[in-house]
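Just so you know, these numbers use all the heavy atoms, side chains as well, and skip hydrogens, waters and symmetry mates. In what follows, every chain begins at residue 1, and chains take the letters A, B, ... in the order their sequences are listed.
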Amino acid sequence: MPLIAVLIQMEENGVSVDTKLLAQMSKELDNTLQHLEVNICAISGGVFNLNSPKQLANILFNKLMLPVIKRTKTGPSTDSEVLEELAAQKFEIAEKLLEYRQLTKLKSTYIDVLPTLIHPKTGRIHTSFNQTITATGRLSSSNPNLQNIPARGDWGKRIRGAFVPAKKDWVLLAADYSQIELRILAHLSQDPVLLKAFQEGKDVHQSTADELGISRDAAKTVNFGVIYGISDFGLAKQLKIKRTEAAEYIKKYFEKHAGVKAFMDKTIAEAKEKGFVTTMLGRKRPLPDINSPNYSIKSFAERTAINTPVQGTAADMIKVAMITNNLQLTTNNLKAKMILQVHDELVFECPKDEVENLKQTVEKAMIDALPLSVPIKVDVGVGGSWAEAG
DNA sequence: CCCGTCACG
DNA sequence: ACGTACGTGACGGGC
C-alpha cells in the first residue's frame, strides 16, 4: 500500500504560518499572563512558580487549605478537573489558574514555538507523519505534532487562523468525515436502529437523546462512550451523575441497540478466542491481556477490543481516501497540495480556481474509500486560513 | 528521564 | 470489592 509516497509528499509540502499574527498573539498573552500571575500570587500571599504543580499543590492545599479533590501518584492533583471543581466552590484562585494554565499551554507549545520551526529554505513547517507508531492504524505526527493544533475556543480559532496559504489567490480547503466512527459502528454491528438513523439522515445524537430521554449533549457523551467501551463508572464520571443512573442509560441504550450489544459481545468473545481483533481492511491488534485474571487489566483489553475495530477502520478509510485522492490530483493536473491529515480530516492548499474541482475530487475519494451500509457524509470548507476552512 | 498536565481526534 | 472511558505528542518542573 503506497501510502508512504503520499506521506512523503505531505511532509515535503509542509504548512505555511502567518508569523505576524503569532507574534501579535504572543505579545498580547505576555500582558494577560503577567496580570494573571500578579493576581494569583496576591491571592495566595506569596510568589511561587505557577508552572510547578508541586509548588501549586503546596499553596492550594497546605497554605490556603482548600479541599483535596483527587490525588496523583505523588500528591494532591491540581489538574483542570480539580480546578473546575474548586472554581465551582467559589474559590476565585481556581478560576484564575485555569485561565493561566490554558494560556501558558497555548503560548509555550504553539504560539512561541511554531515560528521557530519554519524551515529557512522552504519558509514552511514540515512535520513527520509516522505510519508505524499507533496500535490502531492511525497516523501520528511529531516534530512538530500538527495533529493537536488548538481548535476550541477563541484562542484555538486564532491559532488556526495563523495557518494560511502561502500564495496570493490560493486558499485552504478542509474536508472532514462527519461522525465517521459512529457510522462505522453502525456498519460493523448492523444494528437496525443505528443503520436506519443514518440512512434517513437523522441527527444520531438527537436520536439517542430521544431514545434515552436525555439532553443532546449527554447523548453525545453516551455515543462516544459506546465507541470507547462504555462502563457505568466512566459514564457517571463524564456526565457527573450517579453510577446507578449511568447504568440505567447504558441498559436502555443496549435495549434500543441490541445489534450494538451483540457486536460488542461477539467482538470480545472472538478476541478471547483468537487473541486479537481486526479492522475492516484486516489490520490486526494483538490483545494478550484479554484473558488476564486481573479484572482491571482484562477490562482494559475488552474496551480496546471494542474500540480498535472502530477507530482502526476509520484510519483504514481515510488512508484509502488519501491514496486515491492523491492519484486524482495527478491525473487531473491539479496544483493543489495535500498538507495535513488529522485523523478524520484532510487539509489542502490550492489555487482559488481549482476549488470546485478539488471539492468534488476529495469528497468523492473520501466517500467511496470503503463500502459501508450507511451513507458517508463529508463536510468541506474553504477559506483564507485553517480557522475559516475548518 | 519520569511525572503531571493538556492540546487534538 | 475491585477500578475504568479509546488513540496520540509536547511542555515545564524536578529528581
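- Going from the P atom of C/dT4 to that of B/dC3 covers 16 Å, rounded to whole Å.
- More than 12 heavy atoms of other residues, nucleotides or ligands lie within 6.0 Å of CZ in A/F61, so this atom counts as buried by the packing criterion.
- Residue A/A135 is in sugar-phosphate contact alone, with no base atom involved, counting any heavy-atom pair closer than 4.0 Å across all strands shown.
- Looking only at side-chain heavy atoms (C-beta outward), A/L281 and A/K319 stay at 4.5 Å or farther from each other.
- The existence of a salt bridge linking A/K377 and A/D379 is confirmed by a sub-4.0 Å separation between a basic side-chain nitrogen and an acidic carboxylate oxygen.
- Counting any heavy atom pair closer than 4.0 Å across all strands shown, A/R285 reaches sugar-phosphate atoms only and no base atom.
- When hydrophobic clusters are built by joining Ile, Leu, Val, Met, Phe, Trp and Tyr residues whose side-chain heavy atoms come closer than 4.5 Å, directly or via intermediates, A/V342 is grouped together with A/L117.
- In DNA chain C, runs of at least 3 stacked Watson-Crick or G-U pairs (N1-N3 plus N6-O4 or O6-N4, or N1-O2 plus O6-N3, all under 3.5 Å) give these stems: B:1-9 with C:6-14.
- Contact annotation for A/S128: no contact, since no heavy-atom pair falls under 4.0 Å across all strands.
- Counting non-hydrogen atoms under 4.0 angstrom, A/G229 reaches nothing in the nucleic acid.
- Distance check on atom C1': B/dA7 versus C/dC2 gives 33 Å, rounded to whole Å.
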Step-by-step side chain to side chain contact (heavy atoms under 4.5 Å, CB included) determination, A/W386 to A/I149 | CA-CA 10 Å; A/W386 195 3; A/I149 299 300; 3.9 Å; yes

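- Nucleic acid contact class of A/F224 (heavy atoms, under 4.0 Å, all strands): none.
- Nucleotides of DNA chain C that come within less than 4.0 Å of any heavy atom of chain A span, from the 5' end to the 3' end, C/dG3 to C/dC15.
- Residue contacts for A/S231: at a heavy-atom cut-off of 4.0 Å it reaches a base atom on one of the strands shown.
- Using a 3.5 Å distance cut-off with no hydrogens or angles, the side chains of A/S26 and A/D112 do pair a donor with an acceptor.
- A salt bridge is defined here as a Lys NZ or Arg NE, NH1 or NH2 lying under 4.0 Å from an Asp or Glu carboxylate O, and A/E356 with A/K359 meets this definition.
- The pair A/K261-A/E255 fails the salt-bridge criterion, with no side-chain N (NZ, NE, NH1 or NH2) lying under 4.0 Å from an Asp/Glu carboxylate O.
- Among the protein residues, A/T304 comes within range of the sugar-phosphate backbone only, with heavy atoms under 4.0 Å from sugar or phosphate atoms but none that close to a base.
- At a threshold of 4.0 angstrom between heavy atoms, the contacts of A/I133 are confined to the sugar-phosphate backbone, with no base atom among them.
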For each nucleotide in nucleotides 3-9 of chain B, reading 5' to 3', give B when a protein heavy atom comes within less than 4.0 Å of its base, S when such contact involves only the sugar-phosphate, and - otherwise.
-> SSBBBSB

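- Crowding of A/E95 atom CD: a count of heavy atoms from other residues, nucleotides or ligands under 6.0 Å not exceeding 12.
- Atom NZ of A/K220 sits in a sparse spot, with 12 or fewer heavy atoms from other residues, nucleotides or ligands closer than 6.0 Å.
- Separating the P atom of B/dG4 from that of C/dA5 is a span of 14 Å, rounded to the nearest Å.
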Take A/K70 and A/D79, measure what side chain to side chain contact (heavy atoms under 4.5 Å, CB included) needs, and give me the verdict at the end.
-> CA-CA 9 Å; A/K70 67 173 177 184; A/D79 71 13; 2.8 Å; yes

